[in-house]
> 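For reference, the structure I am asking about is given below.
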There are 2 protein chains.
Amino acid sequence: MTQRRTYEWPRPAVTVDIAVFTVAGTLQGLRLQVLLIQRNQGPFRGHWALPGGFVHENEDLLDAAKRELAEETGLRDVYLEQVQTVGMPGRDPRGHVVTVVHVALVAADRHQLAATGDARAARWFDVSALPPLAFDHGQLLQLTLKHLRRRLGETPACFELLPAQFTLSELQSLCETILDRPLDRRNFRRKVQELKILAPVRGTRREGAHRPARLYRFVPQAFRGYASRRQALPF
Amino acid sequence: MTQRRTYEWPRPAVTVDIAVFTVAGTLQGLRLQVLLIQRNQGPFRGHWALPGGFVHENEDLLDAAKRELAEETGLRDVYLEQVQTVGMPGRDPRGHVVTVVHVALVAADRHQLAATGDARAARWFDVSALPPLAFDHGQLLQLTLKHLRRRLGETPACFELLPAQFTLSELQSLCETILDRPLDRRNFRRKVQELKILAPVRGTRREGAHRPARLYRFVPQAFRGYASRRQALPF
DNA sequence: ACAAAAGTGTTACGCCTACACCCATGC
DNA sequence: GCATGGGTGTAGGCGTAACACTTTTGT
């Protein structure tokens, strides 16, 4: 990426940026994290930024986002959602760049990070302790975070972060971490059970010197008419 | 606009498309309408399409949408909202074109239509009787319509379509037309009044051989914390 | 026995929905 | 006086939010 170029008709370039979130830590201290790359090229070289890059010709936006994410961070097979498109002049010193912002939620431990291409490094950062970000990526990140929180109750995305078998407490802690607010345990459990999207699993889980918890698994087949309800998950 | 071009780096072009809606007709027969232009250029010449066009370099997306709308239809000073961005390859025969779709709601009688530039004509069409549309504009229109209906209760947009003084029945008919479903009169009135965003106006209005209705005006100052409520208007 | 997390029900409130009758006016 | 739309209140159901104690295990 060099300085601005001249085109037959001057026109903005199109990029995709992706904010991938995960939740890390033990049950007692979960933290919401976001995947950032350290830029190896062009402006803001050395700065941390959201993964992303230019959309190729004849490439769908979602495909471009997946490709860039894989190239720069090694992440593959991630469910992405479009958030918003930002094209304010001046947001990129190279010229006019319109970016289509995406968001995802993944289990960090199910993916291998591999910084390549334009990325010198790829790392998870606590959302509460971000480094200064390149371009307007700080603002873009806020957009994605808002979108993520709004969508949490409408999509099954949160089950992506849990192991195949999990306890209700784990699910609740996860949601609390993403939403950054406490939820009432009894209301949470009742409403999750009413959704009938979880099936109990034989066996229990121990976590130290405590009563073992029941294990459940997510049943995707049971996930029907989810979007039709006003609020599917109890958040 | 001619055939596809070659760039230093092949890259998608960026357009904006705008679906402007209005409500037309008498109180007894309101119809939701959308503003379409008849293309005078390039592919789909002669077909009807959403107004829109290429984003200039160093032009913000909203500005581009306003400019294109003014150029092709004569509409100015319209409040636009971004809906979604679509960039599926093949959606434009000229090459890869990414479009940022916008939506607006205006009072048709407060604007003068003037088809210029790429538009041979500009006309309001009933949403229930659309002509075949160019490109994938039929799908884009569905996206905007969904967005409009979702946002109707969260924004004061609907007051844009009413005269300065209006009756509650007029407001209700308007909302029913946009949502394409009937609303309960008493519930509607109660909830609108609870919002305290309307002020009664001295005087009454006659509408034929009936009891005159009270007139109200919208009080923008009273429009506070509107977005904070889950559902601001009773839809 | 005690520490620590798991598990469980009820109540109060607000919101939404459904519903029917009288009122004021023009003709 | 009648046709037409304007205007009003209440009761039931539903979902949400608040809230405390008992159970099970490991140490």
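Only a predicted model underlies this, so the values are computations on that prediction, with no experimental measurement involved.
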> For C:dC16 and B:Lys191 - does any side-chain N or O of the residue sit under 4.0 Å from the phosphate oxygens OP1/OP2?
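For C:dC16, OP1/OP2 do have a side-chain N/O of B:Lys191 under 4.0 Å.
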> Over how many whole Å does the gap from B:Leu171 atom CG to D:dG6 atom P extend?
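After rounding, the reported distance stands at 13 Å.
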> Are B:Gln38 and B:His47 close enough that a side-chain donor and a side-chain acceptor fall under 3.5 Å?
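Checked: B:Gln38/B:His47 side chains show no N/O donor-acceptor pair below 3.5 Å.
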> In whole Å, I'd like the distance from the CZ atom of B:Phe188 to the P atom of C:dT17.
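Rounded to the whole Å, the gap is 13 Å.
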> Between A:Tyr216 and A:Arg190, who's closer to the 5' end of DNA chain C by nearest nucleotide?
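On the 5' side of the pair lies A:Tyr216.
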> Round to a whole Å and report the spacing from CG of A:Leu195 to C1' of D:dT16.
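In whole Å, D:dT16 C1' and A:Leu195 CG are 14 Å from each other.
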> Within this structure, what is the CG-to-C1' distance between A:Leu215 and C:dA6, rounded to whole angstrom?
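Atom CG in A:Leu215 sits about 12 Å away from atom C1' in C:dA6.
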> State which residue, out of A:Val78, A:Leu35, A:Thr116, fulfils the side chain to side chain contact (heavy atoms under 4.5 Å, CB included) condition with A:Thr73.
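Exactly one pass, corresponding to A:Leu35.
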> When you check the gap from the basic side-chain N to the acidic O, do B:Glu176 and B:Arg181 get nearer than 4.0 Å?
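Looking at B:Glu176 and B:Arg181, the cut-off is not met.
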> CG of B:Asn187 versus P of D:dA11: gap in Å, rounded?
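My rounded result for the distance is 15 Å.
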> Could you check whether A:Arg123 makes a cation-pi contact with A:Phe125, meaning its NZ or CZ is under 6.0 Å from the centre of the six-membered ring and within 45° of the ring axis?
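Yes, a cation-pi geometry holds between A:Arg123 and A:Phe125.
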> Is B:Arg214 touching bases, backbone alone, or none of the nucleic acid, heavy atoms closer than 4.0 Å?
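B:Arg214: backbone/sugar contact only, no base atoms under 4.0 Å.
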> Roughly how many Å is it from CZ in B:Phe166 to P in D:dG6, rounded to a whole number?
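Roughly 14 Å, once rounded to whole Å.
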> So does A:Ser169 get a side-chain nitrogen or oxygen closer than 4.0 Å to the phosphate oxygens (OP1/OP2) of C:dA6?
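A:Ser169 to C:dA6 OP1/OP2: side-chain N or O found under 4.0 Å.
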> Assess whether a salt bridge exists between B:Arg110 and B:Glu160, defined as any Lys/Arg side-chain N lying under 4.0 Å from an Asp/Glu carboxylate O.
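Between B:Glu160 and B:Arg110 there is no salt bridge, as every charged N stays at least 4.0 Å from the carboxylate O atoms.
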> For nucleotides 22-27 of chain C, read 5' to 3', which letter fits each nucleotide if B means a protein heavy atom sits under 4.0 Å from the base, S means only the sugar-phosphate is that close, and - means neither?
-BBBS-
> Going by distance alone, is a donor N or O of one side chain under 3.5 Å from an acceptor N or O of the other, for B:Glu81 and B:His102?
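Distance-only check fails for B:Glu81 and B:His102.
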> If I take atom CZ in residue A:Arg185 and atom P in nucleotide D:dA17, what distance separates them, rounded to the nearest angstrom?
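Value for this atom pair: 17 Å.
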> Could you give the CG-to-C1' distance, from B:Leu183 to C:dA18, as a whole number of Å?
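It is 14 Å, rounded to the nearest whole Å.
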> Determine whether a donor-acceptor pair (N or O, by modelled atom type, separation under 3.5 Å) exists between the side chain of A:Asp184 and the backbone of A:Asn187.
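It does hold such a pair.
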> Nearest to the A:Arg186 side chain among C:dG7, C:dC19, C:dG9, which nucleotide is it?
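Of the options given, the side chain of A:Arg186 lies nearest C:dG9.
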> Between A:Asp184 and A:Glu207, which has a closest nucleotide on DNA chain C that is more 5'?
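Result of the comparison: A:Glu207.
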> On DNA chain D, compare the nucleotides closest to B:Gln28 and B:Gln193; which residue's is nearer the 5' end?
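Its nucleotide being nearer the 5' end, the pick is B:Gln28.
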> Quick check for you: among C:dT8, C:dC19, D:dG6, whose closest atom lies nearest to any side-chain atom of A:Arg189?
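The listed nucleotide nearest to A:Arg189's side chain is C:dT8.
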